[in-house]
Student: 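Pasting a structure here, questions to come.
Heavy atoms only: backbone and side chains are in, while hydrogens, waters and symmetry mates are out.
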Amino acid sequence: MVAPVPMTLDLSSLISSNIMADQKEVVKDIEAAPVDTPKKQGARDWDGEIAENFTGGVVPLTDDPETAALTWRTVILGSLWALFLSIFNTIFSFRTNAFSLPTAVATLLSYPMGIFLAKVLPRAKFLGLSFNPGAFTIKEHILIAIIAGTAGGKPYGIYNVTAQYFERAMNNKEVTLWNSLAWIFCSQFIGYGLSGLCRRFLVKPKSMLWPGVLPNIALFNSFHNVNTFTDENAYKGGMSKYSVFWLSAGAMGLWHFLPNFFVTSLTSVALLCLISKDKNINFLASTRVNEGVGILGISFDWSVITTYYNPMTIPIWATLNYAFMLSFWGWIITPIIYYTNPYNSPALVGPYTWRDTSNNNTRTPFGILNRQLIYNKNGKSIKVDSTSLLDKQYNLNQTFYDNNKPFFLTASFSTNYFTSFINLGAILSHIGLWYGKDLMKQVKDLLQNKRLDEGQKDIHNELMKAYNDIPEWMYGVYLVGMFIIVSIVTQVTPFKLPIWGPIFGFIIALIYVVPIGILTAVSGYTPGLNIITQMIMGFILPGRTIENMVFKSYGYNIMIQALDLTSDLKLGHYMHIDPRAMVFAQGLGTFFGVVCNTGATFFVMDSMKTLLYTDPKWSYTSVQTFLNAGGIWGAISPYRFFIASHYWFFIPIGVPLGMLLPFIPWLLNKAFPSKYWYLINIPILTAFQGGQGRDAAHVVTPLIVGLITNYWLFNKHKPFWTKYNFVIAVGFDVGIAITTIICAILVNANAELFSITGPQQADYGTYYCRGETYESVSNP
């Protein structure tokens, strides 16, 4: 273990200390500055209060502009980790149970590597960058993580490449490495322009918290021994943050071996099944994957606890919204739909059976409740491939469709789709009602070319004035150039769109990027545009699978890439890194990701065919899922699946309902003014994702963790929370990542699992929910 680099006192550090002393006076001046004109507080002001409480003592309030950031040391280490993570994660994404190395691995291991290079590299410059400016700095460390992170994530557009090129999919040999590189390049890089134009809305306002970056900030601060405390929030005594990080990572890493390898029943525990003998209660309480809805189920597996969100890193109001959403739609609405059968669905027979010990062990079958599959008129699941629903060109097989229609969904999956349509309307309505006036002012400032931080009194904005920023007009010009490239690529390559496709997809992303960005920034919740992009293209071009998949990737990836880049910019804003260095690091990582991900994908499809065709551990499920979605929305089309079926009301009722629901808390706030009404967040409350093939134990335990950390500790022991909460949170994530990698290696090596709690089946110990006993399952 490498200890944190101590602070050294020399002339430069003395100058830096004087700079920081001056900056502390700036903080006091900002806090003491009178409000120009009193005004009624709104959501943006209340978000600002929450952000101040969350970041105080976590984010540094001083900066030394002379601290080295973009150096050859940064480029070398960042490039090495970009190459490794992008290639490794791409290859292992083809596994049945795909796993990837998180950016945290690069963050951890690049620290001792940076210290080593600080000792061996020459003190020379090349092309204006220093090889070794001295001690390895926190800003260099952050930029290395940015390069590695932007490269390590799999580009969403790569699914189009695999779906169209792979022999077991569309087998379109017009797809080549070179036109694939062109498609991935433009779909990955166009988001930069939108991200740059969003800085005014999503980065500069102090109310834009971005809770997801705070654990990373705590990690970097702990490694580089950065003091972020003031006299008011300092926790006296206790272990260092650096030591607590390693302690929490080690403890969680060791613990995770139990639910992940040895005691798999700890992954999810169905409490009601342990106390009830009623078959219906046991069925609904089952936490098994694709089985029940897990009513009151708990989990001792941190990866399951954080399935939807990390309760240690988001505000408690967001945790309460998540808990209510999951329990309302999952525990109440889904069972009601299952038992009342409003869609006149046939019996969707599934694997769940109840063993009645009081009646000669007779077994009662239950229908499928919680699974993402399509079923025909006879209740049998169908495959979305060229042997059934699709023809050889992967468009609709009309004969098969006519023989099997109408199609049905499970109760949980149908609820998922319905809430998705509600969510699309709720996002725009919620943001418009609570943030509309502020957004209109910011748009006006943008059109008048005012400063990015116009009217934003914030210490971080003041500190960032020491650096030259990239003007908005440059992002605008870049965006126009990339749009022209996208338009050409989608006409001359197999990744085709109608001539109007690129502009239409961009308009959708433009409408939603700021509203979704605000939701992400204040709550940590990020809805996607994959539903709306597929739905719109499915209505316009029914039966066209390729165009549907390309439009989905293009429209969705513009927004999600822009928000990922904006999140990085907020990290750089908090840590006071030159914006030009941030964008260079992002661009370098994205370039490596484009080249390495695309090259590695072709390597797997061309050189690992035998493994993919014969080994069940390499069944490329993520590719199949993407292709299935293209078949549903492209081949069948939304009209056939929703309008002309039992689910006809999803679209005409769901979207308008979503537009209307946010008016309820907004009008209540008008009648009974309170800063808490806006915390009833309808977009989160309608973000249900059922039938996802996950353990259904993600309500109770996350709620308990959130109440302990971000309510009790936050309110009763704030100095302790400030010093340790995010360090422990990121330590848990790192421990989980390391153990998951080790377990994957052990399983791949066919290591025998040893269970001390019950049979090693894929039910995680929920055999007791089916009236079974250990003996009956062990000796069927």
Side-chain angles (χ1 to χ4, degrees), residues 2 67-93 100-155 157-158 177 180-181 184-189 191-192 195 216 219-220 223-224 561 564-565 567-569 571-572 575 577-603 737:
V2 181
T67 301
L70 184 59
T71 65
W72 280 112
R73 191 163 55 199
T74 303
V75 173
I76 293 170
L77 292 180
S79 300
L80 287 175
W81 281 108
L83 286 167
F84 178 72
L85 288 184
S86 58
I87 294 174
F88 182 93
N89 290 345
T90 298
I91 292 175
F92 282 88
S93 69
S100 62
L101 292 177
T103 307
V105 174
T107 301
L108 293 179
L109 297 182
S110 63
Y111 180 68
M113 296 170 71
I115 293 175
F116 173 75
L117 291 183
K119 296 179 179 179
V120 299
L121 285 179
R123 297 291 184 98
K125 285 188 175 183
F126 178 67
L127 297 178
L129 295 182
S130 173
F131 279 98
N132 187 359
F136 183 54
T137 72
I138 187 172
K139 294 186 179 183
E140 289 179 292
H141 200 180
I142 292 172
L143 290 179
I144 291 169
I146 295 294
I147 297 171
T150 50
K154 187 175 181 179
I158 207 74
L177 174 64
S180 297
L181 282 170
I184 300 301
F185 173 85
C186 64
S187 64
Q188 284 294 98
F189 273 94
Y192 279 81
S195 173
N216 293 325
L219 177 63
F220 289 119
F223 268 64
H224 294 269
Q561 182 76 344
D564 285 344
L565 295 170
S567 175
D568 288 342
L569 292 180
L571 172 62
M575 301 305 290
I577 299 176
D578 190 329
R580 297 167 301 176
M582 287 292 298
V583 173
F584 176 86
Q586 291 175 322
L588 182 61
T590 304
F591 174 78
F592 276 115
V594 168
V595 175
C596 296
N597 276 288
T598 307
T601 296
F602 273 87
F603 170 79

Student: F223 versus T107: any side-chain heavy-atom pair under 4.5 Å?
Tutor: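 SC-SC contact between F223 and T107 ruled out.
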
Student: Classify the angle between the aromatic ring planes of Y111 and H224 as parallel (below 30°), tilted (30 to 60°) or perpendicular (above 60°).
Tutor: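 Correct class here is perpendicular.
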
Student: For T74 and T71, test the side chains for any donor-to-acceptor distance below 3.5 angstrom and give the result as yes or no.
Tutor: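 Short answer, yes.
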
Student: Relative to the ring of F189, is the ring of Y192 parallel (under 30°), tilted (30 to 60°) or perpendicular (over 60°)?
Tutor: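 Taking F189 first and then Y192, their aromatic rings lie parallel (interplane angle under 30°).
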
Student: Does some side-chain heavy atom of F584 sit less than 4.5 Å from a side-chain heavy atom of L143?
Tutor: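 The answer is no, as the side chains (C-beta and beyond) never meet within the 4.5 Å cut-off.
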
Student: Taking the side chain as C-beta and beyond, is there a heavy-atom pair between I577 and I146 under 4.5 Å?
Tutor: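 Result no, sub-4.5 Å side-chain heavy-atom pair not found.
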
Student: Looking at every heavy atom in both G152 and N89, which two are closest together, and how far apart are they?
Tutor: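 Between these two residues, the closest heavy atoms are O-ND2, 3.1 Å.
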
Student: Using only heavy-atom distances, determine whether the side chains of K139 and T67 contain a donor-acceptor pair under 3.5 Å.
Tutor: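 No, no side-chain donor-acceptor contact under 3.5 Å.
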
Student: Please determine whether the number of non-hydrogen atoms from other residues, nucleotides or ligands lying under 6.0 Å from atom CZ of F591 exceeds 12.
Tutor: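 No, CZ of F591 has 12 or fewer neighbouring heavy atoms, counting only those of other groups under 6.0 Å.
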
Student: With a 4.5 Å cut-off on side-chain heavy atoms, are L127 and W72 touching?
Tutor: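 Touching, per the 4.5 Å side-chain cut-off.
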
Student: Is there a donor-acceptor contact under 3.5 Å from the side chain of T598 to the main chain of V595?
Tutor: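 Such a contact is absent between T598 side chain and V595 backbone.
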
Student: Are the side chains of I158 and T90 in contact, using a 4.5 Å heavy-atom criterion?
Tutor: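 Of all side-chain heavy-atom pairs linking I158 with T90, none is under 4.5 Å.
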
Student: Between the side chains of N597 and S86, does any donor sit under 3.5 Å from an acceptor?
Tutor: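 Result is no, nothing qualifies.
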
Student: Any heavy-atom pair between the side chains of L70 and D578 that's under 4.5 Å?
Tutor: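 No, every pair of side-chain atoms sits at 4.5 Å or beyond.
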
